[in-house]
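Order of listing sets the numbers, starting from 1, for every ligand and every atom in it.
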Amino acid sequence: MSEVLLQIDGKEVRATEGASILEAACAADVFIPTLCHHEKLEPHGGCRLCMVEVEEHGRSKLVVSCIYPAANDQVVTTRSEQVDRIRKMILELLLAHAPDSETLLELGREYGADRNRFDKEASFCINCGLCVRYCAEVKKADAVGFLDRGTRRDISFIPEIAARECWQCKECFPLCPTSALQAAYVLVSSLAFPGARHQAPSEC
Ligand code: SF4
Ligand code: FES
């Protein structure tokens, strides 16, 4: 397979043709923050936190690095005033949904995000889709899905499938950047399997 040669934060980086800028950066030990990316899943491009600046063909633009292909002669900047400002805004919006998420709070500190900038919304799920996509793409189980659409989307386990698949699996739990996933599981298991052990085990 052929390779492309680009520059990321001043570092010469070789990447396999077809790799995303995020993959190229990871392989070169350059950190780009992500919330909806997982190496086992198809690229999603949902959270936009991985946005970077790219200069190519004499023009500079912002791109979503997890879905934007690495190419010859690109000059990538993973942090700049503009990039940091966008990440800060994204984090402030997400913190309105999940104000106690350690993952978001840590990222928020890095980008100077104000946890209280926007009115709180009681969802806690930031719709990253990691749990839904992991269950569908990796486990082929479809035990977890979204309810409703748009800003009111929330996560839910499908009780009949969850009863069969989830107790032995729970591989999605550590993927969740908030507490929403385990809360949804505890809720569905308490409604669907009365008398069962509802507390999600901590070793997951
Ligand atoms: S429950 Fe967690 S992993 Fe699933 S979509 Fe919501 S925030 Fe993402
Ligand atoms: S990690 Fe790229 S959009 Fe979420």
Side-chain angles (χ1 to χ4, degrees), residues 8 19-27 30-54 61-70 76-79 83-84 86-91 93-108 110-111 120-139 141-158 161-162 165-166 169-189 200 204:
I8 304 181
S20 67
I21 288 179
L22 177 67
E23 287 168 330
C26 284
V30 177
F31 176 73
I32 297 174
T34 66
L35 282 170
C36 69
H37 175 80
H38 189 285
E39 60 193 13
K40 290 187 181 170
L41 302 179
E42 288 298 314
H44 178 57
C47 73
R48 299 308 208 234
L49 197 69
C50 67
M51 193 90 77
V52 296
E53 267 182 42
V54 176
K61 57 186 172 185
L62 290 165
V63 303
V64 177
S65 67
C66 66
I67 52 174
Y68 198 85
V76 178
T77 306
T78 66
R79 286 198 75 161
V83 166
D84 282 15
I86 291 168
R87 288 185 188 154
K88 175 177 180 283
M89 170 71 90
I90 291 169
L91 289 163
L93 288 165
L94 295 177
L95 279 162
H97 288 281
D100 298 321
S101 157
E102 259 317 307
T103 305
L104 294 183
L105 288 169
E106 198 179 320
L107 285 163
E110 178 66 25
Y111 291 95
K120 300 282 176 289
E121 306 250 350
S123 157
F124 296 97
C125 172
I126 58 167
N127 288 326
C128 72
L130 282 174
C131 56
V132 177
R133 291 181 293 126
Y134 189 90
C135 192
E137 292 177 32
V138 178
K139 305 304 293 186
D142 292 312
V144 57
F146 283 113
L147 294 175
D148 293 335
R149 291 182 174 274
T151 53
R152 298 214 50 83
R153 281 204 317 175
D154 251 327
I155 205 71
S156 181
F157 285 85
I158 318 298
I161 307 177
E165 306 280 346
C166 297
C169 173
K170 301 193 186 80
E171 287 175 30
C172 60
F173 282 15
L175 308 182
C176 181
T178 77
S179 56
L181 186 58
Q182 295 196 27
Y185 183 75
V186 171
L187 178 67
V188 82
S189 62
C204 293

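- Here is the list of ligand 1 atoms found below 4.0 Å of a heavy atom in Leu181: 1 (S).
- When the options Gly45, Ser65, Cys128, Cys50 are ranked by their closest heavy atom to atom 2 (Fe) of ligand 2, first place goes to Cys50.
- For ligand 2 and Cys66, the ligand atoms under 4.0 Å from any heavy atom of the residue are 1 (S), 2 (Fe), 3 (S).
- Considering only non-hydrogen protein atoms, atom 8 (Fe) of ligand 1 sits nearest to Cys128 SG, 2.3 Å.
- Atoms of ligand 2 lying under 4.0 Å from at least one heavy atom of His37, given by number and element, are 1 (S).
- Using 4.0 Å as the threshold, Ile126 has a heavy atom nearer than that to some atom of ligand 1.
- Short contacts between ligand 2 and Val64, defined as distances under 4.0 Å to a heavy atom of the residue, involve ligand atoms 2 (Fe), 3 (S).
- A donor-acceptor contact shorter than 3.5 Å links the side chain of Thr178 to the backbone of Ala180.
- Other residues, nucleotides and ligands contribute more than 12 heavy atoms inside 6.0 Å of the CD atom of Glu110.
- For Ser101 (side chain) and Pro177 (main-chain N/O), a donor-acceptor pair under 3.5 Å exists by modelled atom type.
- With values rounded to the nearest 0.5 angstrom, Leu49 atom CG is found 13.5 Å from Met89 atom CE.
- Numbered from 1 in the order shown, with element, the atoms of ligand 1 that lie under 4.0 Å from a heavy atom of Gly129 read 5 (S), 8 (Fe).
- Aromatic ring centres of Phe124 and His97: separated by at least 6.0 Å.
- Between the side chain of Arg87 and the backbone N or O of Gly108, no donor-acceptor pair lies under 3.5 Å.
- Numbered from 1 in the order shown, with element, the atoms of ligand 1 that lie under 4.0 Å from a heavy atom of Cys176 read 1 (S), 2 (Fe), 3 (S), 7 (S).
- Because the distance cut-off is set at 2.8 Å, Cys36 qualifies as a neighbour of atom 4 (Fe) of ligand 2 through one of its N, O or S atoms.
- Residue Thr34 has at least one heavy-atom neighbour below 4.0 Å for each of these atoms of ligand 2: 1 (S).
- Atoms of ligand 2 found under 4.0 Å from any heavy atom of Gly46 (numbered from 1 in listed order, with element): 3 (S).
- Atom 4 (Fe) of ligand 2 has an N, O or S atom of Cys47 inside 2.8 Å of it.
- Closest of all the heavy-atom pairs between Cys172 and Leu181 is O-CD2, 3.2 Å.
- Using modelled atom types, no side-chain atom of Ser156 and backbone atom of Gly145 make a donor-acceptor pair closer than 3.5 Å.
- Although no hydrogens or angles enter the test, the distance criterion places a donor-acceptor pair under 3.5 Å between the side chain of Arg133 and the main chain of Glu42.
- At least one N/O/S atom of Cys131, from backbone or side chain, sits under 2.8 Å from atom 4 (Fe) of ligand 1.
- Counting the atoms of ligand 2 from 1 in the order shown, those under 4.0 Å from a heavy atom of Arg48 are 3 (S), 4 (Fe).
- A salt bridge between Glu171 and Lys139 is present, with a side-chain N of the basic residue lying under 4.0 Å from a carboxylate O of the acidic one.
- Because the distance cut-off is set at 2.8 Å, Cys125 qualifies as a neighbour of atom 6 (Fe) of ligand 1 through one of its N, O or S atoms.
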